[in-house]
Participant: 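First the structure, then my questions, so here it is.
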Number of protein chains: 2
Amino acid sequence: MPSPDRKISESTVRRLSAYLRSLEALEASGAEMASSGELARRAGTTAPQVRKDLSTFGSFGKRGLGYPVVPLIGSLEAILGLTREWRVALLGAGRVGAALHTYPFFRERGFRIVAIFDNDPEKVGLRWDDTTIRHIDELESVLAGEAVEIAILTVPAAPAPALADRVVRAGVGAILNFAPARLELPPHVVVNEVNLAMELELLSFALTRSEPR
Amino acid sequence: MPSPDRKISESTVRRLSAYLRSLEALEASGAEMASSGELARRAGTTAPQVRKDLSTFGSFGKRGLGYPVVPLIGSLEAILGLTREWRVALLGAGRVGAALHTYPFFRERGFRIVAIFDNDPEKVGLRWDDTTIRHIDELESVLAGEAVEIAILTVPAAPAPALADRVVRAGVGAILNFAPARLELPPHVVVNEVNLAMELELLSFALTRSEPR
DNA sequence: CTTGGGTTGTGAATCTATTCACAAGCGGGC
DNA sequence: GCCCGCTTGTGAATAGATTCACAACCCAAG
Ligand SMILES: NC(=O)c1ccc[n+]([C@@H]2O[C@H](COP(=O)([O-])OP(=O)(O)OC[C@H]3O[C@@H](n4cnc5c(N)ncnc54)[C@H](O)[C@@H]3O)[C@@H](O)[C@H]2O)c1
Ligand SMILES: NC(=O)c1ccc[n+]([C@@H]2O[C@H](COP(=O)([O-])OP(=O)(O)OC[C@H]3O[C@@H](n4cnc5c(N)ncnc54)[C@H](O)[C@@H]3O)[C@@H](O)[C@H]2O)c1
């Protein structure tokens with residue numbers, strides 16, 4: 001047994017997620033075992049890194065053979081918390097919200113969108129699949145009633161910080177934020193920011209540094 | 001003068017992007033100077049980190065006073081490569097592509113979407129604002145003709161790697177990839193992956209580790 | 001002109017992550 | 001039963017990023 005709970009770095013968890021995807025591709029192609037080298041190749045990292053990452057959580061492989069694909073998928077799902085359903089709310093029924101709502105990944109991985117909110121009277125009352133868009137005024141009561149655990153913010157930047165405070169006060173423990181606004185929340189809340197500006201600026205920075213030579 | 005070009009870490013560049021956004025908020029509120037502490041508070045980091053990051057590129061502040069807001073905005077824009085226009089192509093005119101196309105950030109920051117591609121005959125020929133959706137068969141000729149520098153992949157995972165190869169062969173130097181597929185490209189190509197699964201799994205991992213106590 | 005509160009810029013120290021190297025283990029062949 | 005090729009698991013070494021501490025500096029006030 002390796003260690004019950006020392007601190008795990010974010011990059012390790014991101015790589016676990018990549019290993020899981022690689023293993024699923026391997027499973028689909030019929031492979032029963034996968035070496036750290038094979039996983040590294042598919043996930044875009046190195047073999048020692050794969051072994052180190054996995055060894056943080058246990059001993060999953062067989063020396064001389066590699067890692068058994070199907071059992072390791074199960075282990076990674078357990079580690080990542082994917083063996084249960086998560087109850088998710090979407091705040092902001094705009095373009096990004098709509099793209100997310102139709103994204104099949106959510107269903108497949110057990111992230112269930114159980115509530116959608118907006119403040120536009122034209123949108124409130126519409127149904128997206130089985131879910132009726134509720135007015136943002138009903139936020140607290142619906143979040144409590146639906147036992148929402150994760151909130152996804154796809155509203156404009158201006159209302160985002162106040163809405164984040166509200167969902168946290170209503171008991172939501174994790175937020176995925178697409179709005180370009182910084183959220184200041186108590187440390188027990190898990191926040192993850194997706195910032196398109198940053199991603200593009202990373203590209204323009206790299207191009208600017210490499211092109212002029 | 002600090003250093004012409006040693007290796008800059010990705011996290012430094014991401015923070016520069018955050019500082020730029022913070023400075024623009026400060027400018028809007030009329031501030032003329034900003035201390036490293038103030039920038040750190042807004043960008044969610046620490047004051048020494050801000051100073052270290054900026055000192056990588058030069059000496060922008062005045063001791064005792066802080067950093068001059070407007071000049072530093074200009075310097076950061078120059079460092080990040082935002083003082084010129086970038087010619088961008090969108091591959092995949094689906095939901096994510098549509099959300100990106102309407103996102104005002106692109107215009108504001110000089111990322112000009114000059115070409116849109118799809119392989120769905122229903123979509124080819126439609127116009128999104130000024131841009132006609134082209135068939136993916138025309139990829140190479142249009143990319144060359146429009147001198148595209150950055151490609152954004154919003155196609156399904158299956159065709160993504162092959163399309164990435166094609167845009168690189170057509171001279172595109174940077175790719176922002178939304179498809180959950182690993183792209184293997186020559187090292188001079190800048191690739192940035194946006195992976196929603198990873199972002200959500202990071203949340204479920206953190207919730208799983210914190211809740212059961 | 002000098003003092004003092006405030007802030008930057010940066011080498012050094014610390015902390016964290018990745019890479020390396022290799023002993024330990026597995027199974028197949030003979 | 002015993003080698004041999006292959007692969008894991010992991011402590012140690014290296015590399016990298018962040019934090020610290022403080023000299024250098026700026027301006028305003030007296
Ligand atoms: N479009 C993109 O590609 C893109 C990319 C990255 C980030 N973002 C960010 O994601 C967010 C959403 O973008 P979008 O393109 O979907 O915008 P959008 O305008 O299409 O959707 C925003 C939705 O939020 C609703 N809304 C506004 N204020 C609200 C409030 N106080 N309470 C509840 N709902 C409210 C609006 O009615 C609208 O339906 C924005 O913050 C944007 O900056 C967008
Ligand atoms: N919807 C989301 O919220 C979301 C989130 C994260 C990632 N993604 C990923 O982004 C990508 C796009 O998602 P989407 O929801 O916009 O899907 P979508 O089906 O709405 O759009 C995909 C578009 O790509 C086009 N296309 C398919 N094959 C093509 C090819 N060979 N050449 C050119 N065009 C082709 C389709 O005609 C369609 O218009 C997918 O890879 C998806 O996994 C989606």
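A, B, ... follow the sequence lines: proteins, then strands. Residue 1 opens every chain.
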Participant: Show your working on salt bridge (Lys or Arg N to Asp or Glu O under 4.0 Å) between Arg84(B) and Glu149(B) and close with a plain yes or no.
Facilitator: CA-CA 12 Å; Arg84(B) 49 160 293 193; Glu149(B) 300 163 297; 2.5 Å; yes

Participant: So, is Arg15(B) close to the dT18(D) phosphate, meaning a side-chain N or O under 4.0 Å from OP1 or OP2?
Facilitator: yes

Participant: In terms of side-chain heavy atoms of Ser11(B), which of dT10(C), dA17(D), dG9(D) is nearest?
Facilitator: dA17(D)

Participant: Looking only at atom types and distance, does a side-chain atom of Asn177(A) sit under 3.5 Å from a main-chain N or O of Ala181(A), one as donor and one as acceptor?
Facilitator: yes

Participant: Return the nearest nucleotide to the side chain of Lys7(B); candidates are dT10(D), dT8(C), dG16(D).
Facilitator: dG16(D)

Participant: Write down the distance between CG (Leu16(B)) and C1' (dA17(D)), rounded to a whole number of angstrom.
Facilitator: 15 Å

Participant: Is it true that a side-chain atom of Arg21(A) and a backbone atom of Ser17(A) form a donor plus acceptor pair closer than 3.5 Å?
Facilitator: yes

Participant: For Gly92(A), is there any backbone N or O sitting under 3.5 Å from a side-chain donor or acceptor partner on Thr154(A)?
Facilitator: yes

Participant: Measure the shortest side-chain to side-chain distance between Leu20(A) and Leu82(A) over non-hydrogen atoms and say whether it is less than 4.5 angstrom.
Facilitator: yes

Participant: Could you say whether Thr45(A) or Pro48(B) is positioned toward the 5' end of DNA chain C, judged by the nucleotide with the nearest heavy atom to each?
Facilitator: Pro48(B)

Participant: Given dA24(D), dG11(D), dC26(C), which nucleotide is nearest the side-chain atoms of Arg63(A)?
Facilitator: dC26(C)

Participant: Would you please confirm or rule out a distance under 4.0 Å between OP1 or OP2 of dT19(D) and any side-chain N or O of Gln49(B)?
Facilitator: yes

Participant: Rounded to the nearest angstrom, tell me the gap between atom CZ in Phe60(B) and atom P in dT10(C).
Facilitator: 11 Å

Participant: Closest to the Ser35(B) side chain: dG9(D), dT8(C), dT10(C)?
Facilitator: dT8(C)

Participant: Using whole Å, what does the distance between atom P of nucleotide dG16(D) and atom NZ of Lys52(B) come to?
Facilitator: 15 Å

Participant: For Leu54(A) and dT8(D), give me the distance from atom CG to atom C1', rounded to whole Å.
Facilitator: 10 Å

Participant: Does Arg134(A) use its side chain to pair, donor to acceptor, with the backbone of Ala115(A) at less than 3.5 Å?
Facilitator: no

Participant: Can you say whether the rings of Phe106(B) and Phe111(B) are parallel (under 30°), tilted (30 to 60°) or perpendicular (over 60°)?
Facilitator: perpendicular

Participant: dT8(C) C1' sits how many Å from Glu38(B) CD, rounded?
Facilitator: 16 Å

Participant: Which part of the nucleic acid does Thr12(B) contact within heavy-atom distance under 4.0 Å: base, sugar-phosphate only, or nothing?
Facilitator: nothing

Participant: Nearest whole angstrom, please: distance from the P of dT18(C) to the CD of Glu10(B).
Facilitator: 12 Å

Participant: Can you tell me if Ser36(A) touches the phosphate of dT7(D), counting only side-chain N or O atoms and a distance under 4.0 Å to OP1 or OP2?
Facilitator: no

Participant: Distance check needed: dC22(D) P versus Arg51(B) CZ, whole Å only.
Facilitator: 14 Å

Participant: Among residues 64-76 of chain A, which contact DNA chain C at a heavy-atom distance under 4.0 Å?
Facilitator: Gly64(A), Leu65(A)

